[in-house]
Structure formats: C-alpha cells, structure tokens
Amino acid sequence: MMSLKPRNVDFTETWAHLKETVAGVVGLRAVERSVWNTRFSDVYALCVAHPEPLADRLYDETRNFLEEHVAGLLQRVRGAAPLDHNDHNDGLLTRYVSAWREYSQGVAYLNSLYSYLNLQHVKRQKVSDAEIIYGSSATVTCPEHDARQLEVGELGLEIWERVLVKPLSAALTGRIVRGLAAARGSAPDPAFASTLREAIRSTVQVRAFRVRAPLALYQALVLEPYLAAAAAAHAQLAADLLAAGDVAHYTTHALAGLEREVALGARYLDSSSAEAVRACYERAAVAAHLPTLHATVPGLLREAAAEPPASTERRADLRRMYTLLRPLGPAALRPLVDAAHAQAAADGQALLAQTHSKDEAHTHFVNAMLTLHGKYSKLFSEVFGGAQAFVGALDKACSAVVNSGGAAGSAPELLARYCDCLLRRRAAADADVDDKLAAAIVVFKYVDDKDVFQKYYARALARRLIHQLSASMEQEEAMINRLKAACGYEFTNKLHRMFTDVAVSADLNAKFQQHLRDHNLATSTGFFIQVLQAGAWPLGGAMAPLAPPPQLERPARQFEAFYRNMFSGRRLAWLHHLCSGELRTRYTARQYHVAASTAQCALLLSFDAVDSWNARELRDTLQLEGDAWGRQLRPLLDAGLLLASGDVGTEEEEIPPEARVSLNLAFSCKRTKVRVTCASAPAQGGGAGGGGAAASDAGDAAHCDDDRKMYLQAAIVRIMKQRKVLRHTELIQEVVSQARGSFAPSVAMIKKCIEALIDKQYLERAPAALDTYSYLA
Amino acid sequence: MSGEDCDAFDRGDNDGQKPDKMFTLKKWNAVAMWSWDVECDTCAICRVQVMDACLRCQGESKKDSYGKQDCVVVWGECNHSFHFCCMSLWVKQNNRCPLCQQEWSIQRMGK
Ligand SMILES: [Zn+2]
Ligand SMILES: [Zn+2]
Ligand SMILES: [Zn+2]
C-alpha cells in the first residue's frame, strides 16, 4: 500500500530501483503491475520527502537517464552506413522510425509513471500557456530554451529532438526529400511509404506539445528543403513540357502535374502544408512561364471561338489554361481577359459586316448582336465558369460593337426599327414575337444613347397607335414595361402618356356617341377620334391646313362642342395629315371601298354634288396649299378615281385657269377595296414606311440635346431636394450615375444645367462654403 | 353598319341636282391634339412647357399606372398662365403675377 505520509527517503536507493523500471518502460519491456504501483509510490515519496523534497533531484536524474538512453538509440539508428550519400533506401529511415515508435510510446508510459511529479511539481512552475501566447510573462523571451520545467513526457521528446534528431538532421532531410521525389515519380512500396509518412509525422509530433512554433522542426527539416527541391523539379518539368510540344501538351501535363503534386502533399506531408505545396507548384511551373503562356492566349481564344466539335479540344485547352492561371491572381489573368474581349469584339465586327439585304439591316443588326452575345456567353461560361471578369469583358465587347455605328444606321435607330417591325400587325402570326422582343432588351442594354433610341421608338409607337397598326396592345405594353424595367420610369414616361391618350380616347368616343344619342343628334357611327396631348407625341411635320367639306366638318364641330363641355382651358387642333377615312362609291355598278387620307376624302366628297370642278377653284375651296394639292390629288388620278383635263397636278407653277378635275363615273377596278396611297409629306415619316429618319437627323440631335438638359435639370432638382447641401463634384457624380441609364452626360452640360437652376432660383451657391450648392425650397 | 338608313354622313340637307350622293362616308378616323389654351407655351416660373409637368413634379417622378402627372395649368385674371404647382409656391412669397405684377387671382383652372 502506498503511504501518503511524508517521510525520510534514501534517494540513491530509491532511484536505483526506479531507474530499472524506467529503463524497462522506455524500452517497452513488460513491467509487472505490482512493480509499477510500487514505483508510482516511489515517485510520490521522493516528491514529498522530509525534510527536503527530492523532486528536483529525481527530475535531473531522469533527464540524465533519458539523455543517455537516446544517445544509445542514436547509435542504433545511425548504424554502420555512411550518412552523407543520402540514399533513402539505405535503412536509416526504417531504423529511425522503429526507434521513434518504441521511444515515443515508452516516453508516454513514463509520463504516467511520473504523474505525481508532473502534477504537483512541474505544473506549479509551469508558465501558463496563455502567458506564453500573449506575452504577459515578460521573462519568457525564447520559449524553446526557457527555464520552465517540462513534464517528463515532454522532456523525453525534447531530448529526442536534441540528442537524436539534431545530429541526424541532414541525413534525415536528405533521405526524406529523396524519398518524396521518388514517390512523385512512382508510388513506393507500402512499407516504405508508411516509413516515410511516419518519419515526417515524427517531426510534427515531437513538438506537438509546444505552444509556440510547434511546426518549426517539421518546416526546417522537411517542408522547406522539400519545397526547394520541388520547385526546381517543377521548373524543369514545365520547361520540358513547353519545349516538347504545343500549349495543349503543356496545359494537359502541367495540370496533371499539379494534381499529382497536391495528392503527394496530402499523402505524406502535414495537412497545414497543402497551400504551400500548391503555391510552390504554381510559382515554378506556371507563374515562371507567364510570358510564354500569355503569348499563346489570343490564338487559343480564336480557335476556341469556332463552332464545336472543331473547337472542342481548344476549349478544353483554354479551360485548363484558365484553371492554371486563375490562382495566380488578376494580373496573371489580365491577358486572358483582354484576349477574350478582343476576340468577342473582333467577332462582333465580323458578324456585323456580313452581307445582308439593306431592307433587313435592323434584323441583321439585332440578330448579329444576339448571336455574338449568345455565343460568347455560352463559351465563357463553358470555359471560364462564367467568372465575373469575363462577363465584364463580354459586356465591354458587346457595348463597343453595338455602338460602333455601321453604314446601315446607328444602334438606336436599327433597334427601334426592329421592335417596330415585330410590334406591327403582320399577315402571318409569328409565334415567338414575345421571345424576340425580350431578346431585343439584351441588345438595348448595350446601347449608349438610350435616349436616342427612345426618340425613334416613341416615333414608331406613335405611328402604330395613331394608325392602329399594332399587332396587340398587350405586346405593346409588355415591351414598354421591359424598357421601364431596364431604364426606369422617366425613360418610358412619355410612352406611357401616349398609352394613356389611347385609353382616354376610347372612353371619349363612347361618351361622345352617348352624348349624340342623348341629344338626338345624328349618330356618327363611322366617326372615331383620337385626342392626343401635345408634348407627349413625337409628331413630325407641319399641320396641313384643310377646309373639309360639310360631311367631315359636321362631326368635327359636334365633337369640339362636346369636348369643350367636358374640359376647360383646352384647345383642340385637328391633325388632318394623320386622319384617314373610308368612302363607299354609289355611282358605280359595283360598290368600291376607298381608303384614303382625309384630304383625299375631302377631294372625293367634293364631287357629291357636281361631277366636275375647275381645278383652281377646287383647290382654293379645300385650302390645299402648296405641294399638298399635287401630293393628295396625284394618287387619285393614278388610281383612276378622278380624271384631269389640262395640267392640274403641277407642283410649283400656277394651275392653268382652264384645267378641270372630274369624277370618273366609269371607274372600275378588279378589287373592291381600293387603298389610295399618299406620298409622304416632307420631313415626316409617312404612315406606313420604315423610317425616313436620315432627313431629320440634325433636328433630332438638337431635340435630343434639349431633352437631355431637361432630364439633367430634373435629376439635379431631385438630388438636391433630398440632399439639401452638396459639393459640386459630388453633385456631378450623382447626376452622372443617375443619367447612366439613358446617356452619358458631359460635365459641361451638367454645369450649364446647374447654372440654369441657379438662375431659376432652385439652387444657390452656399454662401459659406466653396464649390457647394444648397437647395432652395 | 347595317344599312343605308344608318349611314351617318348621308343626310345632306341641300337637295342638289342629283338625287343620290356619289359617296357614303363609312369611316373617319380623326386625330386631334389638345393643349392648354395659353398665350405662352412655357411656364414663366419653371421655364418648362406647360404641357409637361413642372420641374418639381418631374423631379418627383410621381407614378400612377398610366404615367399621368397631375400637374395642371392655372390662369389668372390677367390671363397669364402657369403650372398650378409653380404658382401655388410663388404666391406664398409674392401675391402678384410674375409677368405683369397685377395682384394674382385665379380666373380658371385647367381640367
Ligand atoms: Zn412651372
Ligand atoms: Zn407640378
Ligand atoms: Zn399677369
């Protein structure tokens, strides 16, 4: 039984017994349970000995013993082999691992035999871990050699490192590095693999108890020498690969090499080294060859951009190239991103330049852009995993191509025409109009001058609405909503106002008909009116004067009276050049329906009572001034509805006094519906044609400028209302960022707008601060 | 349209030489444009066209479902006209017409 009472102990005698058992434990020889218990008590007895505790002496003797023991092990491990040839198969590593297995286990047992000493004697002296880490114990400057006592197990490990590893360090390092190099080439036999792994792990385990730099030995002995050797090997590998074949050869093998290296590290090295192993490879095998690799990139991209399957291999090369370059950071990727941009931009220009029919310029443009965008979105997501840098490169390329301005017209114009064609009523139903319109937004987002697009779009929308050419109001509205989603409310404000007018007009017509019934007035069932608000509709061309005959005049007067009653403060102007009518002939054997402009209807209706007019008289009665006379009359003559005697249709010269126009009573035509065309008025897009935009481009530019100023002023008021006081540069920044959705404003223009608002007393220069404005409520 | 008697524009009250009209007007798609009945298209206070919303209303981007902005016109007894919004703010400082300096009183509001 163990006695707890302190007593006199003879150190020499007790240590002699204890030492025997310690030797047995450290040598992993069997120790009987009773002997173990007795020695356990001996340790206790020495620690609590009276009159003087003998713990320090025990500790010193134990250290001396272990030092001697490990010195013996060193001889065993070293063996007879010469140390300097570094043959990893010479058995030294095997002997080292076997000694380590035995010793590390034995020391662990010893640690429990000395439990009391560890607990009572060592722990009390031990500087707390926290103190070491946070340095509150100022005396500890170098924890490796600090004065504190180690637990016996720790002491054993420290002795192992000092007595055995240190003299062998060069030999161990050499063999481990050689062994790993061999393992990279081909898998070693399992026994050696596990020896290698254990030898490496021992360098971690021997310091595992340390708080500071527990991996220092592993790093010095294994990791650093290994990485130095590996870097040289990787550099050689990369040089060989590049010398041996093309870039495909390189990327394939370099990537395989990376995987092999990472696997090797995971298998043999400490898990903390994974990143260093990877980085070492990337530096030596990839980063060192960047100029060579970058030089191949443009060609690689060009070939990868071809249609699969021809490009399948190149795409794989490019993907591997990206995988290799990506970890090296943005600078290493930059040439790849630049090449991606250049390739997409060049391809876009090529697509635009493909031959196409002039009439289809808008379709060609939009399709080319969609092809470009679709192709490279897919390619970049396939090859670069849709990385943001490449999405950005594609955006940049698309926007450069879209706004490059071709011979066929500007992007805003072509895109607006594309939308117009899709939104018009067509003979054959087109099933994917909605998809095509949605796709048009993809192109729209790249258009710089969105406000110019808005002008073209608004003009086309006005034509569709006024002449009722829209295929469907749902589609119209859906498209406006798409534009609104892309660009905001202000962008579509006027388009919405046009829509409002159409809805309000439908309501007005119903109320007007009701009004006529209520007052027992003639019900003008064929009369339909659209009342547009000035300012919202982009209607080119001057209003053509016309004095309509009574048949047209009467409903107009009735409506005016009705309208005056409903609203106040409003003025109504008739836009005869936008009106149209349909007449039915009553003097012909067959009935014909004649669709014509208002002025043409007026001309025909003038023959209700007389068959023949003096040309000058007719013109003056209807007040068809200038070229309007010829423009309106000519198609009626061409259609054969009216007959001329004498020169009636002259443009410039005065009509001869004797010239007459008469109704062709013998009119006949194959079809019963006769559509009389009307030559476009100058500077006005015409009812059905494509655009007629070129003529008024200069006017557009000026108009656009005014609108931009208005937009900027509204933005400045909005910003200042919210911020109250703002510095000049900040205000400019905010305005630019708000306007970005529509156009890129110049600073000069913004400055002018600020000045204008100061004049209008919306803003003032803040009296106290320089370059600062404040809002005047 | 079902028949002759429904024809709207058929009823000339002059009995001309001919018993029959030569044409029947079947359809007339008329287009007219309204604007405020003002002497000057521009509001002298905010210098924006009176048909457009005033600068403040544009800045606020009031959105109703039709995109209509409720920024009407007001006429004074002097017959000068402005955005109602602009004038309401103006008279708080100075109850005179900014154009003719007459005392401001409302003649009518646009509707
Ligand atoms: Zn105003
Ligand atoms: Zn307003
Ligand atoms: Zn006035």
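Lettering of chains follows the sequences in order, A, B, ..., and the numbering in each one begins at 1.
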Test side chain to side chain contact (heavy atoms under 4.5 Å, CB included) applied to A/Trp574 and B/Met33, step by step: CA-CA 6 Å; A/Trp574 295 89; B/Met33 177 161 286; over 6 Å; no
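- Of the two parts of A/Leu663, only the side chain, counted from C-beta on, holds a non-hydrogen atom closer than 4.5 Å to a non-hydrogen atom of chain B.
- Distance alone, capped at 3.5 Å, is enough to place a donor-acceptor pair between the A/Asp608 side chain and the B/Met22 backbone.
- When side chains are defined from C-beta on, A/Tyr563 counts as touching B/Trp34, because their heavy atoms get closer than 4.5 Å.
- Heavy-atom minimum distance, A/Ala534 versus B/Ser35: CB-CB, 3.8 Å.
- Taking a 6.0 Å sphere around NZ of A/Lys752, one finds it holds 12 or fewer heavy atoms contributed by other residues, nucleotides or ligands.
- Of the inter-residue distances, the one linking A/His467 atom NE2 with B/Asn29 atom CG reads 10.0 Å to the nearest 0.5 angstrom.
- Closest approach of A/Gln551 to B/Leu25, counting heavy atoms only: O-CD2, 4.1 Å.
- A salt bridge links A/Arg497 with B/Asp52: the distance from a Lys NZ or Arg NE/NH1/NH2 to an Asp or Glu carboxylate oxygen falls below 4.0 Å.
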Stepwise side chain to side chain contact (heavy atoms under 4.5 Å, CB included) test for A/Ile529 and B/Val31: CA-CA 6 Å; A/Ile529 185 164; B/Val31 181; over 6 Å; no
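- Among the residues in residues 101-111 of chain B, those with a non-hydrogen atom closer than 4.5 angstrom to a non-hydrogen atom of chain A are B/Arg108, B/Met109, B/Gly110, B/Lys111.
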Check against side chain to side chain contact (heavy atoms under 4.5 Å, CB included), A/Gln713 and B/Leu55: CA-CA 8 Å; A/Gln713 290 190 17; B/Leu55 209 49; 3.8 Å; yes
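- The two residues A/Tyr762 and B/Cys46 have their closest heavy-atom pair at OH-CB, 3.5 Å.
- Around atom OH of A/Tyr711, more than 12 heavy atoms belonging to other residues, nucleotides or ligands sit under 6.0 Å away.
- Chosen from A/Ser505, A/Pro550, A/Ser580, A/Gly535, the residue pairing most often with chain B at heavy-atom distances under 4.5 Å is A/Ser580.
- Proximity to chain B is limited to the side chain of A/Leu757, based on heavy atoms less than 4.5 angstrom apart.
- Looking at B/Trp36, both its backbone and its side chain come within 4.5 Å of chain A, counting heavy atoms on both sides.
- Between B/Lys26 and A/Leu583, the closest side-chain pair of non-hydrogen atoms is not below 4.5 Å.
- The environment of A/Arg675 atom CZ is sparse: at most 12 non-hydrogen atoms of other residues, nucleotides or ligands sit within 6.0 angstrom.
- In this structure, A/Phe607 has its ring center at least 6.0 angstrom away from the ring center of B/Phe23.
- Ring geometry for A/His576 against B/Trp28 counts as parallel: the plane angle stays under 30°, on a 0 to 90° scale with 60° as the upper cut.
- Your options are A/Gln722, A/Arg570, A/Gln530, and the one with the most heavy-atom pairs under 4.5 Å with chain B is A/Arg570.
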